[in-house]
Amino acid sequence: AQKITQTQPGMFVQEKEAVTLDCTYDTSDPSYGLFWYKQPSSGEMIFLIYQGSYDQQNATEGRYSLNFQKARKSANLVISASQLGDSAMYFCAMREGGGSTLGRLYFGRGTQLTVWP
Amino acid sequence: NAGVMQNPRHLVRRRGQEARLRCSPMKGHSHVYWYRQLPEEGLKFMVYLQKENIIDESGMPKERFSAEFPKEGPSILRIQQVVRGDSAAYFCASSSTGREENTIYFGEGSWLTVV
């Protein structure tokens, strides 16, 4: 089974509007972390936001927020007030446990976001 | 602070040659990870290293691939006798310890093309 599923290959949003990128995950480990990364056309991977499985509140970082619904195993990324520079591929990722698996992230296949004027 | 530094950004190798990719983690980071991104796919974990130790290499192909993170100098991902299927983007990432370990920063990637 896929650890991370991103069902939206592409999304379009108008500048200044909000957009939600979907992510569902599959794990039986009670301790896990969820990450979102942005990959613009230049190729680098940019860390956006992190949510721990025991965190009580949804994570927020500037215009990014993570809508964490534990029972549904979903970790959707919400981008408010979209900007043209937000056009990129967005990846959801999960880490299970810690220790020796600290850096083993499972990535989804990504969602290509296009922001239009 | 300088981010995760990878070089070269682009590398072309003929089949059968060796490829060496280098990664310097962010200052103060002691954990290094290597990932591979094949075209149209997400990243796949390869290996997790700390100084002079391989912690988790569960994602490394059993042959031709090796990684090290010596006491001094950058981490190296080495691919011997490259084949066309090794063409991919290779990303290095690093993290700190304690409360900061949840923030895993990636470098800009090294694009390997095997011709």
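For clarity, every value in this text was computed on a predicted model and none was experimentally measured. Letters A, B, ... are given to chains in the order of the sequence lines, protein chains preceding strands, and every chain is numbered from 1.
- When each of Gly52(A), Gly110(A), Gly43(A) is checked for heavy-atom pairs under 4.5 Å with chain B, Gly43(A) comes out on top.
- Between Arg9(B) and Ser42(A), the shortest heavy-atom distance links the atoms NH2-O, 3.6 Å.
- Using modelled atom types, no side-chain atom of Tyr33(B) and backbone atom of Leu105(A) make a donor-acceptor pair closer than 3.5 Å.
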Derivation of the side-chain contact (heavy atoms from CB on, under 4.5 Å) call for Gln39(A) and Phe106(B): CA-CA 11 Å; Gln39(A) 187 177 38; Phe106(B) 282 78; over 6 Å; no
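- Contacts between Ser94(B) and chain A at a heavy-atom distance below 4.5 Å are absent for every atom of the residue.
- The local environment of NZ in Lys51(B) is crowded, with over 12 non-hydrogen atoms from other residues, nucleotides or ligands closer than 6.0 Å.
- Under the 4.5 Å side-chain contact rule for hydrophobic residues, Met46(B) and Leu49(B) share a cluster.
- Around atom CD of Gln14(A), more than 12 heavy atoms belonging to other residues, nucleotides or ligands sit under 6.0 Å away.
- Residue Phe91(A) holds its CZ atom at 6.5 Å from CG of Leu43(B), rounded to the nearest 0.5 Å.
- Atoms CZ and CZ, from Phe45(B) and Phe107(A) in turn, are 11.5 Å apart once rounded to the nearest 0.5 Å.
- Under a cut-off of 6.0 angstrom, the local environment of CZ in Arg15(B) is sparse, with at most 12 non-hydrogen atoms contributed by other residues, nucleotides or ligands.
- Residue Gln81(B) places its CD atom among 12 or fewer non-hydrogen atoms of other residues, nucleotides or ligands, all under 6.0 Å distant.
- Trp36(A) and Ile4(A) fall within a single hydrophobic cluster, where Ile, Leu, Val, Met, Phe, Trp and Tyr are joined by side-chain heavy atoms under 4.5 Å apart, directly or via other members.
- For a residue to count as touching a neighbouring chain, one of its non-hydrogen atoms must lie under 4.5 Å from one of that chain's; by this rule Tyr106(A) does not touch chain B.
- The environment of CD in Gln2(A) is sparse: at most 12 heavy-atom neighbours from other residues, nucleotides or ligands sit within 6.0 Å.
- Proximity to chain A is absent for every atom of Gln50(B), based on heavy atoms less than 4.5 angstrom apart.
- Annotation for Phe91(B) and Met45(A): closest pair CE2-CG, 3.6 Å, computed over non-hydrogen atoms.
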